[in-house]
Asker: 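Mind looking over this structure? Questions follow.
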Amino acid sequence: MGSPEEQRVHCHQHGPTKPAYACCHSIVSLRDGSKRGLIFVRDEDGQYNGWCDECDKFLMSHGEEWNDETEGFAKIGLLCEVCFERLIEMNKDS
């Protein structure tokens, strides 16, 4: 596998782009247009990682660390960076 700069995911809407990761609730937001809040970071490889307010509350109430339980609740999924940037825009005022 190539370096993180070379990694690509194929998005049906945006073609080959950088990968990003978000919780299942945030991914549903892309489909239904509902704001669910968005907490996100760029990891050491420059990839977006994000989760909704509900996942953040669960994370905070379960030791404030990502582990099997909190990751199981969030059900992190892969999406493209352009779709993730759409999530950021959608949730700016939430």
Side-chain angles (χ1 to χ4, degrees):
M1 188 178 254
S3 70
E5 297 81 33
E6 297 169 356
Q7 292 178 7
R8 294 283 184 248
V9 61
H10 182 79
C11 177
H12 293 295
Q13 188 174 13
H14 303 109
T17 64
K18 289 182 177 182
Y21 300 90
C23 72
C24 63
H25 311 107
S26 294
I27 292 171
V28 169
S29 289
L30 289 172
R31 290 187 210 123
D32 69 14
S34 297
K35 291 183 180 185
R36 290 176 170 88
L38 184 67
I39 296 90
F40 67 94
V41 296
R42 279 202 185 255
D43 65 19
E44 62 275 358
D45 295 327
Q47 295 174 340
Y48 283 120
N49 293 277
W51 56 97
C52 69
D53 289 346
E54 184 179 349
C55 285
D56 195 55
K57 288 176 190 169
F58 191 86
L59 178 66
M60 294 300 116
S61 67
H62 289 80
E64 301 181 26
E65 290 195 27
W66 290 107
N67 56 41
D68 289 345
E69 184 179 18
T70 53
E71 289 177 14
F73 181 83
K75 296 181 184 113
I76 301 296
L78 175 67
L79 65 159
C80 88
E81 185 174 81
V82 179
C83 287
F84 194 96
E85 289 170 347
R86 197 170 116 219
L87 278 174
I88 294 170
E89 286 300 312
M90 285 174 55
N91 287 284
K92 275 192 172 178
D93 298 329
S94 61

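What you see is a predicted model, and the numbers here were worked out from it, not measured in a lab. When reading the values below, keep in mind they use all heavy atoms of this one structure, side chains included, and skip hydrogens, waters and symmetry mates.
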Asker: In terms of the angle between their ring planes, are H62 and F58 parallel, tilted or perpendicular, with boundaries placed at 30° and 60°?
Answerer: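 H62 vs F58 ring planes: parallel.
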
Asker: Does any N or O in the side chain of R86 come within less than 3.5 Å of the main-chain N or O of L30, such that one atom is a donor and the other an acceptor?
Answerer: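 Present.
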
Asker: If you compare all heavy atoms of W66 against all heavy atoms of A74, which two are closest, and at what distance to 0.1 Å?
Answerer: CZ3-CB, 3.9 Å

Asker: Would you kindly confirm whether I88 and L79 end up in one hydrophobic cluster when ILVMFWY residues are joined by side chain heavy atoms under 4.5 Å apart?
Answerer: yes

Asker: Quick one: are S29 and C52 in side-chain contact, heavy atoms under 4.5 Å?
Answerer: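 A side-chain contact is absent here, since even the closest heavy-atom pair is not under 4.5 Å.
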
Asker: Under a single-linkage definition using a 4.5 Å side-chain heavy-atom cutoff for Ile, Leu, Val, Met, Phe, Trp and Tyr, are F84 and V28 assigned to the same hydrophobic cluster?
Answerer: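 No, F84 does not connect to V28 through the hydrophobic network.
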
Asker: Check for me, please, whether I27 and M90 land in the same ILVMFWY cluster - side-chain distances under 4.5 Å, paths through other members count.
Answerer: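 Same hydrophobic cluster.
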
Asker: Under 4.5 Å between side-chain heavy atoms, hopping through other hydrophobics if needed: is there a path connecting Y48 to I76?
Answerer: no

Asker: Please examine the side chains of E85 and H14, heavy atoms only from C-beta on, and report whether any two atoms are closer than 4.5 Å.
Answerer: no

Asker: What closest approach, in Å, do D56 and I39 show between heavy atoms, and which atom pair accounts for it?
Answerer: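 The answer is CB-CD1, 3.7 Å.
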
Asker: What is the distance from atom CZ of F73 to atom SG of C24, rounded to the nearest 0.5 Å?
Answerer: 7.5 Å

Asker: Sequence neighbours excluded, which residues qualify as side chain to side chain donor-acceptor pair (under 3.5 Å) partners of N67?
Answerer: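 For N67, the residues satisfying side chain to side chain donor-acceptor pair (under 3.5 Å) (neighbours in sequence not counted) are T70.
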
Asker: Sequence neighbours excluded, which residues qualify as side-chain contact (heavy atoms from CB on, under 4.5 Å) partners of N49?
Answerer: Y21, V41, D43

Asker: Heavy-atom distance under 4.5 Å between the side chains of E71 and W51, does that happen here?
Answerer: no

Asker: Working to the nearest 0.5 Å, report the span between CG of L87 and NZ of K92.
Answerer: 13.0 Å

Asker: Do the side chains of E81 and R42 get close enough for a salt bridge, i.e. N-O under 4.0 angstrom?
Answerer: yes

Asker: For G37 versus N91, what's the shortest heavy-atom pair and its separation?
Answerer: N-OD1, 2.9 Å

Asker: Check M60, H25, K75 against C55 for a side-chain contact (heavy atoms from CB on, under 4.5 Å) and give me the one that passes.
Answerer: H25

Asker: What do you reckon, is NE2 of H10 surrounded by more than 12 foreign heavy atoms closer than 6.0 Å?
Answerer: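 Atom NE2 in H10 is crowded, with more than 12 foreign heavy atoms closer than 6.0 Å.
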
